[in-house]
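To find a chain, count down the sequence lines: A is the first, B the second, and so on, and within it residues start at 1.
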Number of protein chains: 2
Amino acid sequence: MLDELMPADASGQPCAIRDVLDWIGDQWSLLVLATLAPGVKRFSQLEREIGDVSKQMLSKTLRRLEQDGFVAREVHAEVPPRVEYRLTPLGMSFLEPMRGLIRWAEANQAAIAAARRVAT
Amino acid sequence: MLDELMPADASGQPCAIRDVLDWIGDQWSLLVLATLAPGVKRFSQLEREIGDVSKQMLSKTLRRLEQDGFVAREVHAEVPPRVEYRLTPLGMSFLEPMRGLIRWAEANQAAIAAARRVAT
DNA sequence: GCGATCTGGTCTATGATCGAGACCGCCGAC
DNA sequence: GTCGGCGGTCTCGATCATAGACCAGATCGC
């Protein structure tokens with residue numbers, strides 16, 4: 001598993017780690033996914049909840065997540081316009097392993113903060 | 001867990017997801033960690049195995065991972081110089097949840113590739 | 001002796017990327 | 001009429017990554 005990380009090794013398969021990093025390895029995707037976890041949200045709601053994301057990056061991130069099938073976008077033709085984003089089943093299934101990562105992060109936050117302080 | 005993602009919410013705690021993203025959310029950290037998983041490696045060995053990382057980014061990434069306590073750096077005063085990198089226990093423990101993510105990636109690679117193709 | 005080579009990096013020039021904030025059309029409230 | 005909310009897009013600098021040249025120190029072939 002871990003040995004399959006060449007850009008594209010002899011077997012020609014594109015390497016899962018690299019793919020997952022391509023999909024969600026940027027600054028915001030994970031945050032958006034996590035913010036969307038509790039349920040349907042609107043654009044400005046995401047903007048507010050995440051707090052320090054620019055509209056541009058939020059828009060871009062959402063479009064990419066939509067393209068990759070992690071979130072679904074639903075436009076309601078009202079005034080003012082209402083656009084809702086929700087996790088697809090794929091997006092939800094992705095949250096599963098993510099939870100493991102977050103749990104780890106919570107458990108080891110202190111250890112890393114300590115390591116960082118000690119570092120010369 | 002997932003609802004704790006504000007930049008720094010009322011409770012003042014720095015939000016685990018954001019932290020984990022700060023630590024390993026960049027393009028190369030995860031790849032380096034995974035490459036280092038099988039055991040001790042030298043700088044140029046990492047460079048070769050990862051393949052498309054620049055020396056600069058590899059150097060920078062390694063220094064950050066070292067600072068954060070994920071990898072240990074050992075310099076042998078020989079000629080030519082030899083520098084070895086290895087995972088610390090913290091780094092190894094991090095690989096645990098990562099494996100879940102990689103498994104997910106492998107299982108869902110096809111689904112995402114499909115979603116991407118369908119995307120208008 | 002004399003250059004080539006190996007190592008683990010750093011430095012520099014150049015291009016990609018990102019964030020802040022202005023701007024947009026639409027409409028209802030004031 | 002003009003102010004605001006909505007869901008974005010556009011433009012402008014600042015930041016960031018990438019490729020590739022360069023470095024010291026020692027050893028190797030010749």
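With respect to the salt-bridge test (charged N to carboxylate O, under 4.0 angstrom), the residues B/Asp52 and A/Arg18 qualify.
Of the side-chain N and O atoms in A/Ser54, none sit less than 4.0 angstrom from OP1 or OP2 of C/dG21. For the OP1/OP2 pair of C/dC6 and a distance below 4.0 Å, the side-chain nitrogens and oxygens of B/Arg42 include no atom meeting the criterion. Taking only side-chain nitrogens and oxygens, B/Ser59 comes nearer than 4.0 Å to OP1 or OP2 of C/dT10. OP1 and OP2 of C/dC23 both lie 4.0 Å or more from every side-chain N or O belonging to A/Lys55. The phosphate of C/dT17 has neither OP1 nor OP2 within less than 4.0 Å of any side-chain N or O from A/Trp28.
Atom C1' of nucleotide D/dT15 and atom CE of B/Met57 are separated by 13 Å, given to the nearest angstrom. In this structure, CD of B/Glu78 is placed 12 Å from P of C/dT7, rounded to the nearest angstrom. Here C/dT17 presents its P atom at 11 Å from CZ of A/Arg64, a figure rounded to the nearest Å. Atom-to-atom, CZ of B/Arg82 to P of D/dA24 comes out at 24 Å; the value is rounded to the nearest Å. To the nearest angstrom, P of C/dA16 lies 15 Å from CD of B/Gln27. Rounded to a whole Å, the CZ atom of B/Phe43 is 14 Å from the C1' atom of C/dC6. Regarding A/Leu62, its CG atom lies at a distance of 14 Å from the C1' atom of D/dT9, rounded to whole Å. Rounded to whole Å, the distance from OH on A/Tyr85 to P on D/dG8 is 4 Å.
Here the OG1 atom belonging to A/Thr61 is positioned 8.0 Å from the CD1 atom belonging to A/Ile50, to the nearest 0.5 angstrom.
Heavy-atom distances to DNA chain C give each of A/Pro81 and B/Arg63 a nearest nucleotide, and the one nearer the 5′ end belongs to B/Arg63.
Among the nucleotides D/dG25, D/dC6, D/dG7, the one closest to any side-chain atom of A/Arg48 is D/dC6.
The main-chain N or O of B/Leu46 is never found under 3.5 Å from a side-chain atom of B/Thr35 such that the two would form a donor-acceptor pair.
Using bins of under 30°, 30° to 60° and over 60° for the plane-to-plane angle, the ring pair B/Phe43/B/Tyr85 lands in the tilted bin.
By the rule that hydrophobic residues join a cluster once side-chain heavy atoms approach within less than 4.5 Å of another member, A/Phe94 and A/Met92 end up as members of one cluster.
With hydrogens and angles ignored, a donor-acceptor pair closer than 3.5 Å exists between the side chain of A/Gln56 and the base of D/dT11.
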